[in-house]
Amino acid sequence: MCGIVGYIGYEDVKETILSGLEKLEYRGYDSSGIAILNGTGLHIYKDKGRIAHLREIVDFGKEGTLGIGHTRWATHGKPNKINSHPHQSSTKRFTLVHNGIIENEDLLRMEYLQGVQCESDTDTEVVAQMIQKFTDEGKEPELAIRYTLTLIEGSYALAIIDCENPDVIYVAKNKSPLLIGKGKEFNMVASDAMAMIHHTNEFYELQDKEFAIISRNDVSIYNLFGMQIQRDIFLGELDASDIEKGTYPHYMLKEIDEQPFVIRRIIANYQDENGNLYIDQKIIEAVRSSDKVYIIACGTSYNAGLAGKHLLEKIASKSTEIHVSSEFVYNMPLLSDRPIFIFISQSGETADSRAVLVKVKEMGYPTLALTNVKGSTLYRETDYQLLLHAGPEIAVASTKAYTAQIAVLAILACRIKPCTKVDMLRELSIVANVMEALCDNKDLYEDLAKQYLSDTRNCFYIGRHVDYYTCLEAALKLKEISYIQTEGFAAGELKHGTIALIENDTPVIAVITQESINLNTRSNIKEVKARGAAVITIALKRISSDADQIIIGDVHEYLTPLVSIIPTQLLAYYAALHRGCDIDKPRNLAKSVTVE
Ligand code: F6R
């Protein structure tokens, strides 16, 4: 949600900032803007819409060596030109871009900005106006900014230009992500490394409530009281090719295809030199010594957590509860005596999950993050961390992170109970091979999507046991990218009400991977067929029948969610493709949801 790019150097900044913003498009946005400072003053271009539109309105004739850019996902005020960033103070001296939410905006307006006319509806403009006010009262700009930051409550990543000082960009961070990129004769700042990796792989991490002054040849980091902080550079692990689409038409398709490699990478990363499963003993002890695991997550990560709960209970005999973050935080259930909290999050930045983390940390409970992003907020703020090793996930719809989450939870479950009979490394290798075979069968999914999903209004996924969890994720994928109203249902539950929605030709996709429920789900298929449903069956080979349209190669019964999801991801992809949807950037959605 929202992306920031800033650059100061000796070259013209426009292309660097615009292409940096394009690399952040995956985060989700509805408007964009850029400010460039040069000898003739500050030039702002901004509007509702995509970066492609911003490129059309930018005056490429205006060169400048300092600039800031922004993609906005509207929270305060509609997505329109006025509310787009950059925002300015009323004298136009200070110009800034912001990611986050200023929670005490109303209070700040009342206390400090009486009589100041704000142009936009945004909380962001308040920050610009306050910096101006304190500067007008005689504070040096740097002090005015730091003082403003001490008064703000909420989250922010900020990049600020002072028109009277063309040699620096001021930046600050609290709770929202921001990284500084160190270059040769330039420095950069951005919401994540993807926007900078083509220019540098040397970064400074900025921590919460820190402030930095970035010039062409220097980066100085301070706390909000002005004390300088020494910070080491770290080398980005990102490879520039990881964030390119290559020959793929969409990131989503590329990321679906990457899943076998991700599983193999996980196998390699969670193995010791003797070829045994490896997870840090401290993590194992922390989970073992708890009396209950609480999984906290949102969306797709929550759905992966459902499969994870099954693995922890079946393989490790560990009692596990799972909760949606946004519910748990305000309606906490009665907790066990010695809980441990596992936060599952691709981005590691999800505000709903972080709100739970803050709360359970205050209560003194141990916390573990399962995330794809090293150094993300959840990664930094939890006691223990497990990485997904999925590589950057850029399509808004999560695919490879989902399977990576389940695979890492499967390894964790095996490590907690080493006497388990499951040879997890071998079983995961089989999973990777089966995934590959499924990904090679794209024509089949495209044909089925064309036939069943290209003009339907709604759709149902039905399954029992772990297949029900797969159905929840499959339904989320289909609805979020194709806009078909889709529900994932426990197959046995349909007859208790929802079957009333089945009409002639309503697509119902059944997932069957467990022997114990094979016949039951097949009875439910007969029930919906009798009411006119057009059924697609996805079945595991060893329990399949000739009439099943999609057959999945055999894997261990605990690991079927890793493979049964692949056809559903591809059905969603081709349904969206044939309906002309914006697959990588579905409407109203953001990749990294940094507001509660
Ligand atoms: C759906 C999707 C979302 C995320 C959810 C949590 O495809 O991507 O449902 O899973 O917003 O995000 P993370 O995992 O980053 O916490």
Side-chain angles (χ1 to χ4, degrees), residues 1-2 26-28 73 175-177 191-192 194 250-253 255-256 259 295-308 322-329 341-357 367-382 385-388 390-406 408-409 469-470 472-484 486 488 565-566 568-573 575-576 581-596:
M1 264 174 172
C2 297
Y26 77 98
R27 299 167 69 86
W73 194 85
K175 297 187 206 166
S176 298
S191 302
D192 70 43
M194 287 190 215
H250 297 98
Y251 280 107
M252 184 179 176
L253 193 60
E255 288 161 9
I256 291 172
Q259 290 176 103
I295 294 178
I296 307 292
C298 315
T300 289
S301 296
Y302 173 85
N303 294 337
L306 289 168
I322 169 156
H323 294 270
V324 168
S325 314
S326 55
E327 282 301 310
F328 187 92
V329 71
F341 286 82
I342 301 185
F343 292 84
I344 309 182
S345 174
Q346 188 285 129
S347 62
E349 299 293 347
T350 302
D352 288 326
S353 298
R354 184 173 187 266
V356 180
L357 174 62
T367 55
L368 162 64
L370 210 82
T371 181
N372 202 25
V373 184
K374 194 173 177 177
S376 59
T377 304
L378 294 180
Y379 183 95
R380 282 187 283 105
E381 295 183 356
T382 42
Q385 300 78 27
L386 289 173
L387 280 173
L388 300 178
E393 192 180 64
I394 294 172
V396 164
S398 182
T399 53
K400 61 177 179 170
Y402 172 78
T403 41
Q405 286 160 347
I406 298 175
V408 174
L409 284 165
Y469 307 149
T470 303
L472 293 177
E473 172 56 13
L476 178 58
K477 219 70 333 171
L478 184 57
K479 73 182 117 183
E480 70 176 321
I481 63 164
S482 74
Y483 317 138
I484 298 170
T486 313
I565 199 65
I566 307 272
T568 73
Q569 294 169 341
L570 285 159
L571 284 172
Y573 174 81
C581 302
D582 190 349
I583 294 182
D584 283 339
K585 297 186 278 295
R587 70 183 178 214
N588 305 338
L589 291 178
K591 180 75 183 159
S592 166
V593 185
T594 49
V595 294
E596 275 186 58

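First listed ligand is number 1; within each ligand, the first listed atom is number 1.
Within the 4.5 Å cutoff, the side chain of Leu570 has heavy atoms near those of the Leu253 side chain.
Residue-ligand proximity: Lys477 is placed with a non-hydrogen atom under 4.0 Å from ligand 1.
Listed by atom number, the atoms of ligand 1 under 4.0 Å from Ala397 heavy atoms are 7 (O). Residue Ser345 has at least one heavy-atom neighbour below 4.0 Å for each of these atoms of ligand 1: 13 (P), 14 (O), 15 (O), 16 (O). Close contacts between ligand 1 and Glu480 involve ligand atoms 1 (C), 7 (O) [criterion: under 4.0 Å to a heavy atom].
The residue from Thr300, Asp352, Leu378 that puts a heavy atom closest to atom 3 (C) of ligand 1 is Thr300. Compare Asn372, Thr350, Val396 by their heavy atoms: the one nearest to atom 12 (O) of ligand 1 is in Thr350.
Glu255 contributes a side-chain N or O that, together with a main-chain N or O of Ile394, makes up a donor-acceptor pair within less than 3.5 Å. Between the side chain of Asn372 and the backbone N or O of Gly391, at least one donor-acceptor pair lies under 3.5 Å.
When only interatomic distances are considered, the shortest N/O to N/O separation between Ser398 and ligand 1 falls below 3.5 Å.
Given atom 14 (O) of ligand 1, the protein heavy atom at minimum distance is Ser301 OG, 2.5 Å.
Remark: Leu409 pairs with Ile344, Leu370, Leu412 by the side chain to side chain contact (heavy atoms under 4.5 Å, CB included) rule, at least two apart or across chains.
Heavy atoms from other residues, nucleotides or ligands lying under 6.0 Å from NZ of Lys374 number 12 at most.
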